[in-house]
Amino acid sequence: MNVPFLDLKQQYLGIKDEILAAVSNVFESTQFVLGKEVTAFEEEFAAFSGAKYGIAVNSGTSALHLALLAAGVGPGDEVITVPCTFVATVAAVEYTGAKPVFVDVDPVTYTMDPAKIEAAITPKTKAILPVHLYGNPADMDPILEIARRRGLLVIEDAAQAHGAEYKGRRCGSMGDLGCFSFYPGKNLGAYGEGGLVTTNSPEFTRTIRMLRDWGAEKKYHHLLKGYNYRMEGVQGAVLRVKLRYLEAWTEARRAHAVAYRNILSESGLALPTEIAGNRHVYHVYAVLTPRRQEFMDSLHSQGVQTGIHYPIPVHLMPAHADLGYGSGSFPVSEHVAAQEVSLPMFPEMTGEQIRAVGQAVANFQSVCV
Ligand SMILES: *Cc1c(COP(=O)(O)O)cnc(C)c1O
C-alpha cells in the first residue's frame with residue numbers, strides 16, 4: 001500500500017467548491033493585494049490564536065523579520081534562538097543585522113532548553129526566539145520568566161504550531177509577538193505563500209502594518225523604511241475557508257498520533273512526547289532512530305514516504321559557518337538532526353494507511369534483529 005507523506009490534492013478536492021467561490025469573489029472584487037478578505041482573515045486568525053491583533057504578510061519568514069524589527073532588533077544586537085529549526089528562523093534574525101546566538105534544545109521536546117538561556121545572555125541580547133518545533137510547544141513559562149527578569153522581548157516562532165497549546169494558552173499568544181507561516185504544507189496552508197504576526201500590542205501592530213507596506217501610514221506617506229511584504233487577497237480568501245476546518249484537521253492529526261503511538265510502542269523508535277497539559281498539533285510526526293538510512297530505505301521500498309526535518313542543524317550549515325560554532329556545540333540538536341525521520345502525517349490519512357506504516361516499520365524491525 002502506498003502512503004504519501006502528505007496529500008494536499010485530497011484536501012483540496014474536499015473543499016473545492018468553497019475555495020473556488022472564495023477565490024472568484026476576490027477576482028470579482030479586484031482586491032488582489034490585502035483587501036477585505038485579508039483583513040477578515042487577520043481578525044479570525046488572531047481570535048483563533050488567542051491574540052488581540054493579527055498582521056498578515058507574504059510568508060512566515062517575513063513575519064519573523066517584521067516581528068524582530070518591531071521589537072527593535074537591529075545591528076549590534078543579539079537574539080537567542082535554537083539551531084534545531086528550519087533555517088528561516090535564523091535567517092530572519094540576520095536580515096535585521098543582529099546576531100543569532102544559539103542554545104541547545106531539550107532532549108524530550110526538541111524545543112529551547114530554558115536552563116541554557118541565562119548563560120547565553122550578554123549586554124547585547126535583545127530578544128529570545130523559541131521555536132514550537134513540529135507543533136510541540138516550547139516550555140514558555142521559564143522562558144517568559146527569564147525574559148521579564150532580564151528585560152528581553154520574546155518572539156515565538158509558531159510557524160509549525162497553529163492551534164498548539166501550552167498549559168491552555170495558544171502558541172503565538174504568550175510572547176510579545178508570534179509568527180506563523182501558511183506555506184502550503186503547514187497545518188494551515190495557503191495556495192501560495194503566506195504568514196502572519198500575532199500580538200497584543202497596538203504599537204507593534206501599527207509598526208508592522210506600516211513595515212509590510214513600504215513603511216507607509218497612508219499611501220505615499222512613508223514614515224519608516226519598509227518592505228513589500230503584503231499578503232495577497234487570494235491567500236486571505238483561501239485561508240479563511242481553510243481556517244474553518246483547522247480544528248477538525250488538528251483533531252484528526254492528534255488522533256493519528258495516538259494511533260501511531262499504539263502501533264509503534266514496541267518499535268524501538270523514540271516517539272514524540274506531548275507534555276501533560278499541552279496540545280501538540282503534529283505538524284511533523286518525528287521519530288528518532290540510530291539506523292536512519294536503512295530505516296528510510298526500507299519504508300520507501302514498502303511504499304511509505306518519509307522526510308527529514310532537518311538533516312543539518314543550522315550551526316553546522318555552510319551558510320552559517322560565520323557564526324563560528326563547530327560540531328559538538330549543541331549535542332541534542334545534532335542528535336536530532338542525525339536520527340530524525342518524519343512519518344506520513346496529514347489529516348486525511350486513513351486508519352488503513354497508519355496500519356500500513358506500522359506494518360512497514362515492523363517488517364523493517366524483523367529483518368534487523
Ligand atoms: C516554515 C517555517 C518558517 C518560514 O515560513 P515560510 O512561510 O516558509 O517563510 C519559519 N520557521 C519555521 C520553524 C518554519 O517551519
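We count ligands from 1, going down the list as the structure has it; atoms in each ligand are counted the same way. Quick note: numbers below take in every heavy atom, side chains included, and nothing from hydrogens, waters or symmetry partners.
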K.L.:
Return yes if a side-chain donor-acceptor contact under 3.5 Å exists between Gln293 and Asp297, otherwise no.
P.N.:
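Yes, because at least one side-chain N or O of Gln293 sits under 3.5 Å from a partner of the opposite role on Asp297.
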
K.L.:
As an exercise, identify every atom of ligand 1 less than 4.0 angstrom from a heavy atom of Thr89.
P.N.:
11 (N)

K.L.:
So does Glu274 pair up with Arg253, basic N to acidic O under 4.0 Å?
P.N.:
no

K.L.:
With respect to Arg240, which candidate in Glu42, Glu43, Glu37 satisfies the salt bridge (charged side-chain N to carboxylate O under 4.0 Å, His left out) definition?
P.N.:
Glu37

K.L.:
Below 3.5 angstrom, do we get any N/O pair linking Thr61 and ligand 1?
P.N.:
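Indeed, backbone or side chain, Thr61 has an N or O that close.
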
K.L.:
State the atoms of ligand 1, each with its element, that fall below the 4.0 Å cut-off from a heavy-atom position in Ser59.
P.N.:
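The atoms of ligand 1 under 4.0 Å from a heavy atom of Ser59 are 7 (O), 9 (O).
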
K.L.:
Could you tell me which atoms of ligand 1, counted from 1 in the order shown, lie closer than 4.0 angstrom to a heavy atom of Gly60?
P.N.:
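Going through ligand 1 atom by atom, the ones under 4.0 Å from Gly60 are 5 (O), 6 (P), 7 (O), 9 (O).
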
K.L.:
Could you label the plane-to-plane angle of the Phe45 and Phe41 rings as parallel, tilted or perpendicular, counting under 30° as parallel and over 60° as perpendicular?
P.N.:
tilted

K.L.:
Identify the closest protein heavy atom to atom 15 (O) of ligand 1: which residue and atom is it, and at what distance?
P.N.:
Gln160 NE2, 2.8 Å

K.L.:
Thr85 versus ligand 1: do any nitrogen or oxygen atoms come within less than 3.5 Å of each other?
P.N.:
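Min N/O separation from ligand 1 is not below 3.5 Å for Thr85.
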
K.L.:
Which atoms of ligand 1 have any heavy atom of Ala88 under 4.0 Å away?
P.N.:
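Checking each atom against Ala88, I get 3 (C), 4 (C), 10 (C).
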
K.L.:
Can you tell me how far CD of Glu94 sits from NZ of Lys99, rounded to the nearest 0.5 angstrom?
P.N.:
10.5 Å

K.L.:
If I take atom CG from residue Leu129 and atom CZ from residue Phe102, how far apart are they, to the nearest 0.5 angstrom?
P.N.:
10.0 Å

K.L.:
Any idea how Tyr325 and His315 line up, ring-wise: parallel (<30°), tilted (30 to 60°), or perpendicular (>60°)?
P.N.:
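Answer is perpendicular, since the angle exceeds 60°.
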
K.L.:
Could you find the nearest protein heavy atom to atom 14 (C) of ligand 1 and give me its residue, atom name and distance?
P.N.:
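Closest protein heavy atom to atom 14 (C) of ligand 1: Lys186 NZ, 3.2 Å.
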
K.L.:
For atom 11 (N) of ligand 1, what's the nearest protein heavy atom and its distance?
P.N.:
Asp157 OD2, 2.8 Å

